[in-house]
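Atoms within a ligand are numbered from 1 in the order they appear, just like the ligands themselves.
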Amino acid sequence: MDDFILGLPKCELHVHLEGTLEPTMAATMAARHGVERAPVTRPPAFEGLADFLAAYYADMAGLRDEADFTELTARYLETARHHGVRYAELFFDPQAHTARGVPFATVVTGIRRAQEAARAQGGPDTELVMCFLRDESVESARATLAESLPYRERGWILGVGLDSDERGNPPEKFAGVFADARAAGYRLTAHCDPRQEHSIAHLWQCVEVIGVDRIDHGTECVADPRLCDELARRRLGLTSCPLSNLRLYGTLMADEIYELMSRGVLVTLNSDDPAYFGGYVADNYEAVASALGLSRKELGALAKSSFEASWLPPERKAAYERAVDEHVHGWRQR
Ligand code: ADE
Ligand code: ZN
């Protein structure tokens, strides 16, 4: 791993905590709780999103109590710190746990304990983004939103997102739930995964129907110049995940990422489900850097974009962006 990339201050905006569950931890937790399951093995690649999601949900079976969620989150935060992550907005999927009888409070309290410990021990600083599973019903999303509200009031959850299987589940299915989430003070984001049916229509729905504050993946917009212009005009962040693209669709989509950068779209690099896709965030920077031959200045620009696309207040964004500049300039003078 390139030390410049590892030490580059970064913001991670697209990582699913459940997607950081490494096979050994999944097996240990399942055994601890006496959960019947096949031994976890992860294939080198998946045959698309649905194939990946089947493994992702099956492997969560051992996540049952508060301590499990604390351990999962603490382990990710330790790795993230090593990868130069200074700040992250972390996804979690409450419905994947409440459907198995794990209370919502167990999930958020367990995660929160690790967030607070990391914050007290040198970072990274983190916020939570709760995703609705788009292949579940609108009623289930609505009930999950209602359950989350006490935690919104305490400042434990910053935003809501939309993930899981996109096929037949367009963003507009959740327009009402997102409107209610906005009214409750949440920031909004939604997945528009690569290579999906109706990708462009789903992207436009995110922008024009939901009014999102960010889009997860979203790289397919490159095929629609008018959409690219609109995303660039709004400085709407896209959270691209190169190694996820590689393991699900056989390409990093590095050329698309470069084209979006060139068109002024606020594209960022992230890790998605790093325990499944073979790398954490610095590995994603490195994969794109070597595919495109990026300069340190260009890598610095990508890191600054990651902070700009965050939901931090402007003065905190500016401070992190200065830290990126110092890293880039300091490196040049070594
Ligand atoms: N859940 C976890 N990772 C996801 C992804 N990349 N797309 C949709 N849903 C997900
Ligand atoms: Zn994702």
Please check: side-chain N/O of Glu256 versus main-chain N/O of Thr219, any donor-acceptor pairing under 3.5 Å? no
Indicate the ring-plane relationship of His217 and His14, choosing parallel, tilted or perpendicular according to the 30° and 60° boundaries. perpendicular
Taking the side chain as C-beta and beyond, is there a heavy-atom pair between Leu53 and Ser164 under 4.5 Å? yes
Is the shortest side-chain heavy-atom distance between His97 and Thr106 below 4.5 Å? no
Provide the protein N, O or S atoms situated under 2.8 Å from the Zn ion (ligand 2); waters are not included. His14 NE2, His16 NE2, His191 NE2, Asp272 OD1
As a test of reading the model: which residues have a non-hydrogen atom less than 4.0 Å away from ligand 1? His16, Leu49, Phe52, Leu53, Tyr56, Asp163, Ser164, His191, Asp193, His217, Asp272, Asp273
Electrostatic pair Glu326:Arg322 at N-O distance under 4.0 angstrom: no
Answer yes when Glu259 and Arg263 have at least one side-chain N-carboxylate O distance shorter than 4.0 Å, and no when they do not. yes
Sort out for me which residue in Lys317, Arg235, Arg316 forms a salt bridge (charged side-chain N to carboxylate O under 4.0 Å, His left out) with Glu308. Arg235
Side chains of His202 and Gln196 only: does a donor on one sit below 3.5 Å from an acceptor on the other? no
Aromatic contact between His327 and Phe4, with the criterion being ring centroids under 6.0 Å apart: yes or no? yes
